[in-house]
Each structure stands twice: as C-alpha cells, then as structure tokens.
Visitor: 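The structure under discussion is supplied below as structure tokens; questions concerning it will follow.
Just so we're clear, the structure is a prediction, and the values are computed from it rather than from any experiment.
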Amino acid sequence: MYHKYESINLFEYGLNDSLTLGAKYGYIYASQTGFGTNKGLTDPEFLTRFKVWGNSKNIISIQPSIKIPLGNANKDRPFSTGQYDAEIRLLWGSSFLDARQSFFNLETAYKIRGGNNPDEIKVDAAGGIYLASKTMALAQLFSTASAGHEAISITTRNPSDFYTQKLEISLVHTIKKHLSIQVGIYGEVFSENSARGNGAF
C-alpha cells in the first residue's frame, strides 16, 4: 500500500497584463508498505508566462519554466532527481456563457528531463461553470506521455515508455474577494507502464 500527502505552493505575480512571474515548490510525505517513509521539500520551479494574443473571449500565452535541483538525489533529498528540468507550454483559454461565467482551458507542453529520465509530452484540459454566485464546478484532465511512446513516435518502445491520464473533479467556493477553497477527488482513468492511484484534496 502506498500513501502520499503533499502540499504544493504556487506563487504568481503579474507585472502587467502581458507578463507574469511565478515560483512553485512543495512538501511531500510518502510511505509504502515494506519500503518505509520519505518526506521532504521538492525542488523549486520558476516560470514566466507571456501573453501572445487575446480578445474579450480568448487568450493565448506561452509559458517557459525551469526546475532547479537543491541538491543531489539521496536520502536527504528523496523527491529530487538531482537534475535540471525545463518545460515550454502553450496555453489557450476561452470564456463562454456569460451568465454562468463558464470557461475552457487547453494546454500542451514539452518537458525536457535531466539525466536518464525520458522527456515528457503533456496535454491538459480544464472546464468550469458557476453553479451559484460563489461556487464553481471544475473538471480537469491531465495527460502525460514519455516522448518516445509508441502512440506518438516512430521510435522503438523501451522500458521507460509510459502514458497516464488523470481526471480531477472539484468544487471551488469563494470565501471572500481574495480567498477561495477547492475540494475534490482525482484518479487515473488510464495508464500504461505507470501505477494507477486516486485521492482527495
């Protein structure tokens, strides 16, 4: 049995309507029967998001990011690969049904992994609709595949090939102007060469 508890912290600051800076890090506590417990900070990730184009209903942005290892991957850094990772992400967001403040968001990314880890291709989708003036229903699908996966490449399969899709359903409730709370469930709806899991947050 494997259990994981994590706190992921994302900070973003908009310098203007077209440029946002951000940083992300987290703390993870994980235990697995027969293998003991690991806990510690994740490596920090820094991002910059540029607005490429937009109108009253749509916006397209590009977001490069880099993960910086805080140290070597060892018992003191159980959730670090000890390697730099870099990602370039394209984002498109669109709003519709003004009365319900509905939106749809689509993102695709290529992540360059350091060391022997396979690069990753990601496609994420999200949609939300307000059920009431302060409560939004949100559905998100996160898809990740190794860059050499047979479904997206003509290269030969290898043991590092994997593909996973995670579905997340939640409610977001506005407490006050600058504070909201999100509760939901998630689980892998498809996986290949990757362990399935589910959880709540």
Visitor: Quick one: do the T81 and K67 side chains pair a donor with an acceptor below 3.5 Å?
Guide: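 Short answer, yes.
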Visitor: State, to 0.1 Å, how close Q140 and A126 come at their nearest heavy-atom pair, and which atoms those are.
Guide: CG-CB, 3.7 Å
Visitor: Can you tell me how far CZ of F50 sits from OG1 of T20, rounded to the nearest 0.5 angstrom?
Guide: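 The distance works out to 10.0 Å.
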Visitor: Using the six-membered ring wherever Trp is involved, compare the ring planes of W92 and F104 and label them parallel, tilted or perpendicular (cut-offs 30° and 60°).
Guide: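 The arrangement is perpendicular - the two ring planes meet at more than 60°.
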Visitor: How about S191 and R196: does a side-chain donor come under 3.5 Å of a side-chain acceptor?
Guide: yes
Visitor: Determine the minimum heavy-atom distance between P69 and G82, stating which atoms define it.
Guide: CB-C, 3.7 Å
Visitor: Drop me the distance from S61's OG to L19's CG, to the nearest 0.5 angstrom.
Guide: 10.5 Å
Visitor: Hey, quick one: are L179 and I181 part of the same hydrophobic cluster, counting side-chain heavy atoms closer than 4.5 Å, chains of contacts allowed?
Guide: yes
Visitor: If hydrophobic clusters are built by linking Ile, Leu, Val, Met, Phe, Trp and Tyr wherever their side-chain heavy atoms come under 4.5 Å apart, do I59 and L90 end up in the same one?
Guide: no
Visitor: Go through the steps for F103 and F96 under the test ring pair (Phe, Tyr, Trp, His ring centres under 6.0 Å), then give the verdict.
Guide: CA-CA 6 Å; F103 78 92; F96 56 96; 8.3 Å; no
Visitor: Quiz question: by atom type and distance under 3.5 Å, do the side chains of S170 and Q182 form a donor-acceptor pair?
Guide: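 Note: S170 and Q182 side chains meet the donor-acceptor criterion.
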Visitor: Should the heavy atoms of other residues, nucleotides or ligands under 6.0 Å from CZ of F35 be counted, would the total exceed 12?
Guide: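 Incorrect, the count does not exceed 12.
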Visitor: Could you tell me which residues satisfy salt bridge (Lys or Arg N to Asp or Glu O under 4.0 Å) with D98, sequence neighbours excluded, listed by chain and number?
Guide: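 Listed in chain order: K57.
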Visitor: State which residue, out of N193, T144, V189, fulfils the side-chain contact (heavy atoms from CB on, under 4.5 Å) condition with T164.
Guide: T144
Visitor: Distance alone, cut at 3.5 Å: any donor-acceptor contact between the side chains of S31 and H3?
Guide: no
Visitor: Please check if atom CG in D17 has more than 12 non-hydrogen atoms from other residues, nucleotides or ligands closer than 6.0 Å.
Guide: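 Not more than 12 within 6.0 Å, no.
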Visitor: What's the separation between atom CD in Q83 and atom CZ in R113, rounded to the nearest 0.5 Å?
Guide: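 Q83 atom CD to R113 atom CZ measures 9.5 Å (nearest 0.5 Å).
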Visitor: Check whether S80 reaches the backbone of D43 with its side chain - one donor and one acceptor, N or O, closer than 3.5 Å.
Guide: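 Flag not set: sc S80 to bb D43 has no pair under 3.5 Å.
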Visitor: Mind checking what makes salt bridge (Lys or Arg N to Asp or Glu O under 4.0 Å) contact with R89, not counting sequence neighbours?
Guide: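 With neighbours one apart ignored, the set is E87, E107, D124.
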Visitor: Would you say the side chain of R49 lies within less than 4.5 Å of the side chain of L91, judging by non-hydrogen atoms?
Guide: yes
Visitor: Would the distance check show the side chain of D119 and the main-chain N or O of I112 forming a donor-acceptor pair, the cut-off being under 3.5 Å?
Guide: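 Judged by distance alone, no pair lies under 3.5 Å.
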Visitor: Nearest 0.5 angstrom please: L138 CG to L131 CG, how far?
Guide: 10.5 Å
Visitor: Could you check if a side-chain atom of Y5 sits within less than 4.5 angstrom of a side-chain atom of K39, using non-hydrogen atoms only?
Guide: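 When only atoms from C-beta onward are counted, K39 and Y5 do not touch, as no gap falls below 4.5 Å.
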Visitor: If you look at every heavy atom in A137 and L171, which pair is closest and at what distance?
Guide: CA-CD2, 3.9 Å
Visitor: Within the structure provided, determine whether T135 and Y130 are in side-chain contact (heavy-atom separation under 4.5 Å).
Guide: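 Not touching, per the 4.5 Å side-chain cut-off.
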Visitor: Following the transitive rule for hydrophobic clusters with a side-chain heavy-atom cut-off under 4.5 Å over Ile, Leu, Val, Met, Phe, Trp and Tyr, establish whether F11 and L41 coincide in one cluster.
Guide: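 Yes, because F11 and L41 connect within a single hydrophobic cluster, where side-chain heavy atoms sit under 4.5 Å apart.
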Visitor: Between OG1 of T42 and CZ of F79, what distance do you get to the nearest 0.5 Å?
Guide: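 Rounded to the nearest 0.5 Å, the OG1-CZ separation comes to 9.5 Å.
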Visitor: State the CD1-OG1 distance between I121 and T108, to the nearest 0.5 angstrom.
Guide: 7.5 Å
Visitor: Any chain of hydrophobic side-chain contacts (each under 4.5 Å) joining I185 to I8?
Guide: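 Not linked; separate clusters.
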Visitor: Minimum heavy-atom separation for S56 to S95, with atom names?
Guide: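 Result for this residue pair: O-OG, 4.2 Å.
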Visitor: Are any non-hydrogen side-chain atoms of Q165 and E188 less than 4.5 angstrom apart?
Guide: no
Visitor: Flag the pair N58 / W53 as yes when at least one side-chain heavy-atom distance between them is below 4.5 Å, and no otherwise.
Guide: yes
Visitor: May I ask you to check if K166 and Y186 form a cation-pi contact, with NZ or CZ under 6.0 angstrom from the six-membered ring centre and within 45° of the axis?
Guide: yes
Visitor: Work out which heavy atom in A125 is nearest to a heavy atom in L106; give both atom names and the distance.
Guide: CB-CD1, 4.1 Å
Visitor: Kindly indicate whether the side chain of S180, heavy atoms from C-beta on, has any atom under 4.5 Å from the side chain of I175.
Guide: no
Visitor: As a quick check of understanding, evaluate side chain to side chain contact (heavy atoms under 4.5 Å, CB included) for E45 and Y25, giving each step before the final call.
Guide: CA-CA 6 Å; E45 183 177 336; Y25 73 96; over 6 Å; no
Visitor: Counting only heavy atoms not in K122, do more than 12 fall under 6.0 Å of its NZ?
Guide: yes
Visitor: Run the side chain to side chain contact (heavy atoms under 4.5 Å, CB included) check on L21 and L15 step by step: do they pass?
Guide: CA-CA 7 Å; L21 303 179; L15 296 177; 3.8 Å; yes
Visitor: If two hydrophobic side chains count as joined below 4.5 Å and joins carry through other members, does V52 share a cluster with Y110?
Guide: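 Linked within one cluster.
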